[in-house]
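Read through the structure below, which is laid out as structure tokens, and then see the notes.
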Amino acid sequence: MSIAPNPCSNASRFDGMAAEYDRYRPRTPEALLPLLCRYAGCERPARVVDLGCGTGISTRIWAALAGEVIGIDASRDMLDQAEARGAPGNLQYRLGEAARTGLPAASVDVVVAVQSFHWMEPRATLAEVGRILRPDGVFAAVDTRFPPAIHWEVDVAFDRHLLAVESAEAELGLALDTPRWSKEGHLDRMARSGAFRFVRELELHGMESGDAARFLGFARTATRVDALLARGLSEARLGLDDLREAAARAIGGRTVDWHFGFRVRMGVR
């Protein structure tokens, strides 16, 4: 059953970006899967739910391990991209919101929210997670550290780009129309929710590779820079020119290793 998303949700922030998001965003580290299963006490979970699944990057990896996998997202655009990739019979995508999954109580072994929990109202979402998880089930909020570690000049230019985008959003009044919750507060909110007997944080490592062009594509999925460009702001004003030059100097046309860090806040029901 699908639950229609709230029209005021943050889902519209990513409209029109689904193809680029699926192409450029980092993959979830495979080490996460056996770790969460071990904490949940099951080698092969019967049901896994991915909240804010987007284009299915963090959903598809569960299909070979779990009996059933359900990806839930409030963006029809993202789900269309996910479904266009195809899916095995045990994986399905549903339009809905994290706080209203429509799933039976105590019916899920593992719930994940990968690079998405900061867009969800935490109190209602954690209450829903606690409701659908079985006893000893596990929830994990996973966040990617941006940017990947490639070269210090790229790091500096990326940080300047983020500041330029934030400044432009504030000037245009766009910063207020998409509420978000601090990632730094995830673990504390989980601990205070009453939904978990145990919480902890850990870090995982992921490695990918790419050239300068891929890095620029990745950077454009990290902010609403395309929406700002459409409003007439220049690439120079938004720090894209400097970012492109830094990536060209550090990477050029080569394909180099990218090192991603993933912060995992985990709770056991």
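Taking a cutoff of 4.0 Å between a charged side-chain nitrogen and a carboxylate oxygen, Glu171 and Arg237 qualify as a salt bridge. Arg94 and Asp73 are not joined by a salt bridge, as no carboxylate oxygen comes within less than 4.0 angstrom of a charged side-chain nitrogen. A salt bridge links Arg76 to Glu83: at least one charged side-chain nitrogen sits closer than 4.0 Å to a carboxylate oxygen. Contact check on Arg231 versus Asp226 returns no salt bridge, with no Lys/Arg side-chain nitrogen under 4.0 Å from an Asp/Glu carboxylate oxygen. Electrostatic pairing of Glu203 and Arg145 counts as a salt bridge here, judged by a charged N lying under 4.0 Å from a carboxylate O.
The stretch residues 27-45 participates, sequence neighbours left out, in no side chain to side chain donor-acceptor pair (under 3.5 Å) pair at all. For residues 240-261, the pairs satisfying salt bridge (charged side-chain N to carboxylate O under 4.0 Å, His left out) are Glu153-Arg249, Glu235-Arg244, Asp241-Arg244, with sequence neighbours left out.
Aromatic ring centres of Phe215 and Tyr24 lie farther apart than the 6.0 Å criterion allows.
If you check the side chains of Arg85 and Thr55, you find no donor sitting under 3.5 Å from an acceptor. Of the N and O atoms on the side chains of Thr101 and Glu128, at least one donor lies less than 3.5 Å from an acceptor on the other residue. Side chains of Asp211 and Thr255: no donor on one and acceptor on the other come within 3.5 Å.
When side chains are defined from C-beta on, Val129 counts as touching Leu51, because their heavy atoms get closer than 4.5 Å. Proximity of Trp62 to Val69: side-chain heavy atoms (C-beta onward) are separated by under 4.5 Å at one or more points. Within the 4.5 Å cutoff, the side chain of Leu204 has heavy atoms near those of the Leu32 side chain. In this structure, Cys53 and Leu79 have side chains that are in contact, with non-hydrogen atoms separated by less than 4.5 Å. Residues Val165 and Leu162 form no side-chain contact, since every pair of their non-hydrogen atoms from C-beta on lies 4.5 Å or further apart. For the pair Leu172 and Leu233, the minimum side-chain heavy-atom distance is below 4.5 Å. When side chains are defined from C-beta on, Phe198 counts as touching Arg200, because their heavy atoms get closer than 4.5 Å. At a threshold of 4.5 Å between non-hydrogen side-chain atoms, the residues Leu126 and Met190 count as touching.
In plain terms, the two heavy atoms of Leu91 and Ala63 that are nearest each other are CD1-CB, 4.0 Å. Here the closest non-hydrogen pair linking Asp155 and Pro147 is OD1-CG, 3.7 Å. Summarising the geometry of Pro104 relative to Arg47, their closest heavy-atom pair is CD-NH1, 3.9 Å, with the distance given to 0.1 Å. Taking all atoms of both residues into account, the shortest heavy-atom contact from Val225 to Leu240 is CG2-CD1, 3.6 Å.
Phe196 and Phe139 have parallel rings, their planes meeting at less than 30° on a 0 to 90° scale where 60° marks the start of perpendicular. Note: Phe158 and Phe218 have parallel aromatic rings, judged against thresholds of 30 and 60 degrees for the angle between ring planes.
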message: Under the criterion side chain to side chain contact (heavy atoms under 4.5 Å, CB included), I'd like the reasoning laid out for Arg220 against Leu229: C-alpha separation, chi angles, the key distance, then a yes or no.
response: CA-CA 11 Å; Arg220 294 177 86 111; Leu229 291 170; 3.2 Å; yes
message: Let's go through Arg224 and Glu169 carefully: what are the C-alpha distance in whole Å and the side-chain angles of both, what is the deciding distance for side chain to side chain contact (heavy atoms under 4.5 Å, CB included) to 0.1 Å, and is it a yes or a no?
response: CA-CA 9 Å; Arg224 287 191 297 185; Glu169 286 183 330; 3.1 Å; yes
message: Before you tell me yes or no, could you show the steps for Glu97 and Arg100 under side chain to side chain contact (heavy atoms under 4.5 Å, CB included), namely the whole-Å CA-CA distance, both residues' side-chain angles and the distance that decides it to 0.1 Å?
response: CA-CA 5 Å; Glu97 292 192 343; Arg100 298 188 300 154; 4.2 Å; yes
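Applying the ring pair (Phe, Tyr, Trp, His ring centres under 6.0 Å) rule to His205 yields the partners His259; only residues at least two apart in sequence or on another chain are considered.
Within a 6.0 Å sphere centred on CZ of Arg263, heavy atoms belonging to other residues, nucleotides or ligands number more than 12.
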